[in-house]
Amino acid sequence: MRESDREEMKKMREEQMMKIACCFAFAVSILLILIPQAVLAEAQPWIISSPERVWAITNIRHVGALNMSQDYSHSYTGNNESEEYTHSFRVNAPGGETEVFDVLSIAPTTRGSRLWSDTSIGYDRLGTSGQLTGGESTTAGIAYSGNSGLCRPAGTICAAMGSQFALTDGVVHTSMTTNEPMSLVGYDFASLGEGTVSTGCAVYTGSLSYSQLITVDGKFDVSYSADFNR
Amino acid sequence: MNTTYRVRLIIAVAVALTVALAGIASASPPVPPPNQTALIESTTSITAIGTVTSSQTFDWIYSYIPEDTNYGSENGSEIDDLADEERVAQIQYDRHLAATKGMVELENTFTADGSNIPNLAATQKLGFIATNSTISSVGAVENGFMGIVTEGDDEPVGSGVAALCVWVQGLGIPPTNELVAVGSEMKGVTLVSAETRTSVSTTEDAPRIHHDITAGGVEGVGTYLTEEGAPVWLGAGTVSAGMKVSTMEGRNVSSGTVGGYYPRASTLTYDEMVTVSGLWNVKKDMTYTAQIPAAVLPTGYPLFSIAG
């Protein structure tokens, strides 16, 4: 091989090396930009809202700092009846690994709608001094005028269920369902881990009131359920 | 090593019994529920090393007015003046617990049923062992209340098979009021295995309220006495249980004289309180049952008001 050919091949190899190096540098720079964004980006809930249904799902698995909250509300007025539902949850963690799964469903969105919410939150501080704090709540209210055909007098029913937690390690799971028209409200809470958890419910119908509140601090295994039927 | 210890028990017992009775025993009829009632059910299960607080309250007031009674805006509600032949009932219940820095096992249930008796049924099982913390202890309070007030009824309608009895047909019900409170308390308890049950029935059969508490030590922990060869483990702290009754009854049926004169035939009060401090194994049952044959012959069913 002539000297000039060797020089040309060497030059080509150097150019290829430069291209690869540039691509690699570009790829690394892109990753350096994207990865922090991925770590800090909040996954947006997937929401469907139609005249007949509201359907929202949040699903996050995240390592690092996390701060998020979601609030939903739905109301209906008509046919001598008013219905109002709200659902919210919030999570704040300075570090560690957090997993959040929240589902809200309201169908149909007219009179006599059924609400179903389900929230699962897991936390592992991964050796840090972090603590996950947050809470979730669901409220349902209905006011209706009398209906002689149903032998039903005018009335008001209000129900509120929820929880608050500060976990160093563990899981929290809650679910709430309401049936039409507020004939059944059910709430379930379960938590296993370490930290502080509170849960409870309150129901009011005018002539009847009921409330319950539970708080546990330390290492715990808690399960709680409440059903209201009318 | 099993050893029988000589135990010093410090027992303080206070019982006040007052009866002022002139005539027949006081009692109220059942109060039929409204068309639409509620069913509330809750269950709680906790195992923890740390601090547990739990609070629960319930309050229900309702009334029954016979269909042939005329009433207006001033007395048609359950909380205003009595209408002719109206019956009003109230059920109240509250339960509170604070277990601080200890080993805690807690299971409780609650059912409020406006359509079926018992209209209220609550159970609680509690286990607590204090840790080395100087403030480690548990306190718990449980209260139940049954109140019934009636204006009187000259043609009462009973419920069930017992109401068909020929010897109770056509007997009127005089005006009555019946106020009964029951409950128990644990204070500064450092070692306990306890179970409580409360039930209230007002909508049918004979109105009735019941509360019982069984409290002692945890098997294998602390001090025990030997009874008939078997160990009886002792709890530590202070436990109390009691009942208060106040009833009045009219002399005759005064139907149609709302706001008029109601001659009284009977006044009854009963007050009971037991408190035990130190090391103990306690069991106390309290039941109040109203009986008016004209309203309903007491069948005695259910014989046991709470299952489990």
Side-chain angles (χ1 to χ4, degrees), chain A residues 144 146-159 161 166 168 170 179 181-230, chain B residues 33-63 76-79 88-116 119-120 122 131 133 136:
Chain A
Y144 49 84
N147 188 318
S148 58
L150 298 175
C151 292
R152 186 190 73 186
T156 302
I157 308 171
C158 300
M161 283 84 167
T168 54
N179 210 337
M182 281 291 289
S183 61
L184 173 66
V185 178
Y187 179 72
D188 289 283
F189 173 90
S191 180
L192 175 65
E194 185 173 0
T196 304
V197 292
S198 300
T199 186
C201 71
V203 178
Y204 175 77
T205 69
S207 62
L208 179 151
S209 65
Y210 174 77
S211 68
Q212 186 168 12
L213 178 64
I214 300 166
T215 300
V216 184
D217 176 75
K219 293 182 180 178
F220 46 77
D221 182 355
V222 179
S223 68
Y224 168 73
S225 71
D227 290 292
F228 178 81
N229 209 331
R230 184 174 173 90
Chain B
N35 287 332
Q36 206 167 27
T37 62
L39 172 62
I40 301 174
E41 297 171 294
S42 83
T43 61
T44 305
S45 175
I46 298 174
T47 302
I49 300 176
T51 298
V52 176
T53 62
S54 174
S55 183
Q56 201 166 17
T57 63
F58 174 80
D59 191 352
W60 182 35
I61 301 175
Y62 71 96
S63 80
S77 168
E78 77 278 8
I79 56 173
V88 181
Q90 181 175 21
I91 300 176
Q92 288 180 300
Y93 178 80
D94 65 89
R95 176 164 61 190
H96 309 278
L97 176 141
T100 306
K101 294 186 182 295
M103 290 184 279
V104 185
E105 280 195 78
L106 175 68
E107 289 190 9
N108 63 44
T109 66
F110 176 87
T111 302
D113 186 341
S115 296
N116 301 292
N119 304 118
L120 182 143
T131 60
S133 170
S136 180

Nearest-0.5 Å distance, [atom1] of residue [X] to [atom2] of residue [Y]:
X      : Y      : atom1 : atom2 : result
B/T51  : A/F220 : OG1   : CZ    : 12.0 Å
A/L208 : B/D59  : CG    : CG    : 8.0 Å
B/T53  : A/L213 : OG1   : CG    : 6.0 Å
B/I40  : A/Q212 : CD1   : CD    : 10.5 Å
B/T43  : A/Y224 : OG1   : OH    : 8.5 Å

Inset, instruction - Please determine, among B/S115, B/P34, B/S45, B/A48, the option with the most heavy-atom pairs under 4.5 Å with chain A. - result: B/S45

Contact part of [X] toward chain A, heavy-atom cut-off under 4.5 Å: side chain, backbone, both or neither?
X      : answer
B/Y62  : neither
B/F110 : side chain
B/D113 : neither

Legend entry - Crowding at CD, B/E41 (>12 non-hydrogen neighbours, <6.0 Å): yes

Legend entry - Top contributor to chain B contacts, counting heavy-atom pairs under 4.5 Å, from A/G218, A/S209, A/A190: A/S209

Inset, instruction - Mind ranking A/I214, A/V222, A/T215, A/V203 by heavy-atom pairs under 4.5 Å with chain B and telling me who comes out on top? - result: A/T215

Legend entry - Contact check, side chains of A/V216 and B/V104, non-hydrogen atoms, under 4.5 Å: no

